[in-house]
Amino acid sequence: MDNYTPKLKFNKALWKFPMQGWTKINIDGASRGNPGRSSIGFCLRNEHGDLLFTCVKEIQQVTNTQAETKAILEAFKHSRAAGIHNIWVETDSMLLKNVIEGDWKPLWVIEEEVKEIRQLLSISNGIILHIYREGKKLADHLTNYALNQGNFECHSFMQLDTQGRRLISGDKLQFPFLRVNVKEIREKHS
């Protein structure tokens, strides 16, 4: 053991640009106490990384999983109302991703919301993927912002707080090769 050197492997989690014509939605749900004081948030961004819309709000006291489910449902409803069809949703909840895709049975407390999400997913050209928290820093920041500062919606980069603008700028500084092909994702996950 004296000569043993462990080999560490790590994956860098970065926000990736969606393909042209696609809208990426990063969602988050927060619960301080689990269950406890809770909020949801989602951010819509285009293929250039530009902010199209964001919404964050405090909700009733629920668990993290319930908050995350409500965030996905709200994001789908907003996208449908805005006429957005090519939707790429990212969540840091592997449990919720597997439940929505039908790999796992939903918890009874989110069963109705999951049915509605599945229906909205089937009528839009959408995918749902797992991402590490570090790949969706803006959604995470804004969800916590809602708990600290209150509800808000914004439609442009300049309406965000300083930290939110900094996070978007950091994402956009990445190289264009970080664009992801949705066809490859579908083939990989089917």
Side-chain angles (χ1 to χ4, degrees), residues 12-31 38-59 64 67-93 96-97 100 113 117 120-121 123-185:
K12 191 167 185 176
L14 300 171
W15 187 88
K16 296 181 181 171
F17 293 84
M19 286 182 50
Q20 186 173 358
W22 282 77
T23 300
K24 180 182 259 191
I25 305 174
N26 291 112
I27 63 101
D28 195 29
S31 178
S38 305
S39 66
I40 62 169
F42 60 92
C43 308
L44 283 73
R45 293 169 67 182
N46 66 15
E47 67 264 16
H48 305 293
D50 297 330
L51 182 72
L52 302 174
F53 180 74
T54 192
C55 175
V56 293
K57 60 185 172 183
E58 194 164 349
I59 60 173
N64 287 338
E68 198 96 6
T69 305
K70 289 179 187 302
I72 291 176
L73 184 56
E74 290 281 326
F76 269 114
K77 286 179 177 179
H78 174 81
S79 299
R80 182 145 171 82
I84 300 170
H85 298 288
N86 295 330
I87 303 167
W88 171 357
V89 178
E90 289 183 332
T91 176
D92 63 355
S93 172
L96 197 51
K97 176 200 172 288
I100 291 169
E113 288 93 347
I117 290 167
L120 291 168
L121 190 60
I123 59 175
S124 66
N125 187 20
I127 58 172
I128 185 162
L129 296 173
H130 175 262
I131 185 149
Y132 294 108
R133 183 175 174 214
E134 294 80 8
K136 59 171 203 67
K137 290 179 185 175
L138 180 62
D140 183 64
H141 161 69
L142 293 173
T143 305
N144 286 303
Y145 185 91
L147 289 173
N148 297 330
Q149 304 294 325
N151 303 346
F152 77 95
E153 291 182 1
C154 67
H155 300 270
S156 73
F157 177 79
M158 292 309 295
Q159 291 176 325
L160 287 172
D161 68 319
T162 304
Q163 179 64 19
R165 291 193 305 267
R166 185 177 298 124
L167 291 169
I168 285 181
S169 295
D171 290 342
K172 290 174 76 172
L173 287 175
Q174 298 176 59
F175 299 108
F177 66 80
L178 290 176
R179 296 193 190 281
V180 175
N181 185 330
V182 174
K183 183 179 175 187
E184 289 175 12
I185 291 172

So with a 6.0 Å cut-off around NE2 of H155, is the heavy-atom count from everything else above 12?
-> yes
Would you mind telling me which of K97, H130, E68 makes a side-chain hydrogen bond (donor to acceptor under 3.5 Å, both in side chains) with T91?
-> E68
Reported OG1-to-CG distance for the pair T54 and L160, which is rounded to 0.5 angstrom | 6.5 Å
Are any of the side-chain heavy atoms of L96 and T69 separated by less than 4.5 Å?
-> yes
Residues two or more places apart in sequence or in another chain: which of them pass ring-ring contact (aromatic ring centres under 6.0 Å, His included) with H78?
-> F42, F53
Side chain to side chain contact (heavy atoms under 4.5 Å, CB included) evaluation trace for I59 with S39 = CA-CA 5 Å; I59 60 173; S39 66; 5.7 Å; no
Do V56 and I40 touch side chain to side chain, with heavy atoms closer than 4.5 Å?
-> no
How long is the gap from CG on N148 to CG on N144, to the nearest 0.5 Å?
-> 6.5 Å
Quick one: does D92's side chain have a donor or acceptor within less than 3.5 Å of a partner on Y132's backbone?
-> no
Cationic tip of K24 above W15 ring, under 6.0 Å, 45° of axis | yes
Just wondering, do T23 and I84 contact through their side chains at under 4.5 Å, heavy atoms?
-> yes
Note: A139 and D28 closest approach over all heavy atoms is O-CB, 3.8 Å
Checking side chain to side chain contact (heavy atoms under 4.5 Å, CB included) for the pair N26/L138: CA distance, chi angles, key distance, verdict?
-> CA-CA 8 Å; N26 291 112; L138 180 62; over 6 Å; no
Contact check, side chains of L142 and C43, non-hydrogen atoms, under 4.5 Å = yes
Nearest-0.5 Å distance that lies between atom CG in L120 and atom CZ in F76 = 7.0 Å
I27 side chain reached by E90 side chain, heavy atoms, under 4.5 Å = no
Would you say the side-chain atoms of Q149 pair up with the backbone N or O of A146, donor to acceptor, closer than 3.5 Å?
-> no
Dump the intermediate steps for side chain to side chain contact (heavy atoms under 4.5 Å, CB included) on I168 and L51, then the final yes or no.
-> CA-CA 8 Å; I168 285 181; L51 182 72; 3.8 Å; yes
Can you tell me how far NE2 of H141 sits from NZ of K136, rounded to the nearest 0.5 angstrom?
-> 12.5 Å
Close side-chain approach of W88 and I128, heavy atoms under 4.5 Å | no
Hey, could you give me the CG/OG1 distance between L167 and T162, rounded to the nearest 0.5 Å?
-> 11.0 Å
Heavy-atom closest pair (N64 atom, A30 atom, distance to 0.1 Å) is OD1-C, 3.9 Å
Closest non-hydrogen contact found for I25 with S79 is CD1-OG, 3.2 Å
Given K70 and E113, is the side chain to side chain contact (heavy atoms under 4.5 Å, CB included) satisfied, shown in steps?
-> CA-CA 7 Å; K70 289 179 187 302; E113 288 93 347; 3.5 Å; yes
Give every residue pair that meets the salt bridge (charged side-chain N to carboxylate O under 4.0 Å, His left out) criterion with at least one member in residues 140-165, sequence neighbours excluded.
-> R133-D140
Can R45 and D171 be counted as an ion pair, charged N to O under 4.0 angstrom?
-> yes
Any chance you could measure I131, atom CD1, to L14, atom CG, to the nearest 0.5 Å?
-> 8.0 Å
Kindly write out the residues that satisfy ring-ring contact (aromatic ring centres under 6.0 Å, His included) with F152, not counting sequence neighbours, or none if the list is empty.
-> Y145
Give a yes-or-no answer on whether the side chains of S38 and E58 include a donor-acceptor pair shorter than 3.5 Å.
-> no
